[in-house]
Protein chains: 2
Amino acid sequence: MMNFSVGVEYALHCLVNIIPLNRPIGIKDLAEFQGVSESYLSKIFTKLAKARIVQSTPGVKGGYELTKSPKKITFYDVVIAIEGSQPIFQCKNIIAKAFTNEALEAEEDEDEVPCLINRTMLEAEQQMYNFLKEKTLMWLRETLDNELSPDILEKNREWFQKKLVQN
Amino acid sequence: MMNFSVGVEYALHCLVNIIPLNRPIGIKDLAEFQGVSESYLSKIFTKLAKARIVQSTPGVKGGYELTKSPKKITFYDVVIAIEGSQPIFQCKNIIAKAFTNEALEAEEDEDEVPCLINRTMLEAEQQMYNFLKEKTLMWLRETLDNELSPDILEKNREWFQKKLVQN
DNA sequence: ATATTATAGATAATTAGTGTCCTTAATGGG
DNA sequence: CCCATTAAGGACACTAATTATCTATAATAT
Ligand code: SF4
Ligand code: SF4
């Protein structure tokens, strides 16, 4: 059915809320916030850390914080961090049979430029990614700040402040 | 991992080869051509038929043929026919918790415009689809005719002619 | 009538996605 | 130094989606 994994959604939810905080925040709080499981969200954040989107500090008062300005983190970065970078179209290389119905092994060996069908799909994918590369976390944060009701934003802010103070 | 199903690949392989034929061709031949299973390919073609990309005639000398000019069939049409039209990002609606950490049930009821994260993902998806809408089967066929070696093209043509004659 | 071919449904096998649990390692505070 | 806390990683379980097979049925040309 071809869709992004829930991890992408979890990650974006968390990241956009991490922005205003200036201290590390732990998985426990982030999980509680969204009502999802700690253990699973933890896996997600390990991926984000490996992609250097967040930085982790273990131990008391530890947690996660952004490694760089949210202006420099794009939706694309997050998607790739979570989903990996395998292209959405993977040629099963039926071509040897499909377009020659025979050999062509010679050409198969050299891993040359992929066939037209493959290339077209990958280009299409790039269109999507180019768009996602333009959308930064900062943009998301700012646009939400404009779109959401002050009420909700305030409640939200309070919730995180309370959590940070508790630690 | 977010990728197109193999069905899309099977379908494109078949369709681009159906173009030059002016008679119905059966699943058996198309499956043999690609070296994939008849039963599975048959499911794929049922989907293509439902999407009115191909037309089927059962019985002796039956098979599939295009319903319309390959100029009017796009990669997008094929992808949607096979994969269905569910968007690639499906909000799990954690927002009630995520951005309000409370109620907001009122707003949940009205199925209004989706939130910014969701919208952004869907726009990105559209970028990909817009690209695929521009690529027609005819374009694929013609570009392949230019790119592939005359040798391969000829072998290819012969294979299908032989099959058609056998019926 | 018969052989051929598509359609549909049931079901199996395989793989990917989601989620839990437990152990280890790092860290700060007492 | 010891302890509570937190992230990281591995092993595993569960679920859902994908890919594939098989069988029965209906339509069709000869
Ligand atoms: S995608 Fe291209 S190379 Fe790959 S099997 Fe299909 S036609 Fe061949
Ligand atoms: S995608 Fe948007 S509406 Fe859906 S849960 Fe995430 S933030 Fe909420």
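All chains are named by letter (A, B, ...) in the order of the sequence lines, taking the proteins before the strands, and each is independently numbered beginning at 1. Only heavy atoms go into these numbers, but all of them, side chains included; no hydrogens, no water, no symmetry mates.
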Look at [X] together with [Y] and state whether they make a salt bridge at an N to O cut-off of under 4.0 Å.
X	Y	value
Glu123(B)	Lys135(A)	no
Asp145(B)	Arg141(B)	yes
Glu158(A)	Lys155(A)	no

Nearest-neighbour nucleotide for the [X] side chain, [options] considered:
X	options	value
Val60(B)	dA3(C), dA6(C), dA7(D)	dA3(C)
Pro58(A)	dT5(C), dG9(D), dA7(D)	dA7(D)
Tyr40(A)	dT7(C), dT5(C), dG19(C)	dG19(C)
Val6(A)	dG19(C), dA26(C), dT7(C)	dG19(C)

Using only side-chain N and O atoms of [X], determine if any of them is under 4.0 Å from OP1 or OP2 of [N].
X	N	answer
Ser56(B)	dT5(C)	no
Ser42(A)	dA8(D)	no
Ser37(B)	dT21(D)	yes
Ser5(A)	dA16(C)	no

Rounded distance (Å) that lies between atom [atom2] of [N] and atom [atom1] of [X]:
X	N	atom1	atom2	value
Glu32(A)	dT6(D)	CD	P	12 Å
Ile27(B)	dA8(C)	CD1	P	13 Å
Ile44(A)	dT18(C)	CD1	P	8 Å
Gln55(A)	dT6(D)	CD	C1'	15 Å
Leu48(B)	dA8(C)	CG	P	13 Å
Leu164(B)	dT5(C)	CG	P	12 Å
Gln86(A)	dA16(C)	CD	P	9 Å
Ile25(A)	dT5(D)	CD1	C1'	15 Å

Ring-plane angle category for Tyr129(A) and Tyr76(A), please: parallel below 30°, perpendicular beyond 60°, tilted otherwise.
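Answer is perpendicular, since the angle exceeds 60°.
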Any idea how Phe33(A) and Trp159(A) line up, ring-wise: parallel (<30°), tilted (30 to 60°), or perpendicular (>60°)?
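Tilted.
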What's the shortest heavy-atom distance between Glu65(A) and Pro24(A), and which atoms?
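For Glu65(A) versus Pro24(A), the nearest heavy atoms are OE2-CG, 3.7 Å.
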Could you pull out the closest heavy-atom pair between Ile25(B) and Phe160(B), with the gap in Å?
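That closest heavy-atom pairing would be CD1-CD2, 3.6 Å.
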Taking only nitrogen or oxygen atoms into account, show me every contact under 3.5 Å that the protein makes with nucleotides 10-12 of chain D, one pair per line with its distance.
from: dG10(D); atom 1: N7; to: Lys43(A); atom 2: NZ; distance (Å): 3.3
from: dG10(D); atom 1: O6; to: Lys43(A); atom 2: NZ; distance (Å): 2.4

Which residue, Lys61(A) or Gly7(B), contacts DNA chain D at a nucleotide closer to its 5' end, judged by nearest heavy atom?
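Counting from the 5' end, the first nearest nucleotide belongs to Lys61(A).
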Relative to the 5' end of DNA chain C, which residue comes earlier, Ser39(A) or Ala49(B), by the nucleotide with the nearest heavy atom?
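Here Ala49(B) is the residue nearer the 5' end.
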Return whichever of Glu38(A) or Asn3(A) has its heavy-atom-nearest nucleotide of DNA chain C closer to the 5' end.
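Checking each residue's closest nucleotide, the 5'-ward one belongs to Asn3(A).
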Suppose we screen for salt bridge (charged side-chain N to carboxylate O under 4.0 Å, His left out). Which residues come up paired with Glu147(B), at least two apart in sequence or across chains?
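With sequence neighbours excluded, Glu147(B) shows a salt bridge (charged side-chain N to carboxylate O under 4.0 Å, His left out) to Arg119(A), given in chain and number order.
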Indicate, with a heavy-atom threshold strictly under 4.0 Å, whether Lys50(A) touches base, sugar-phosphate, or nothing.
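The answer is sugar-phosphate, as Lys50(A) gets under 4.0 Å only of primed atoms, P, OP1 or OP2.
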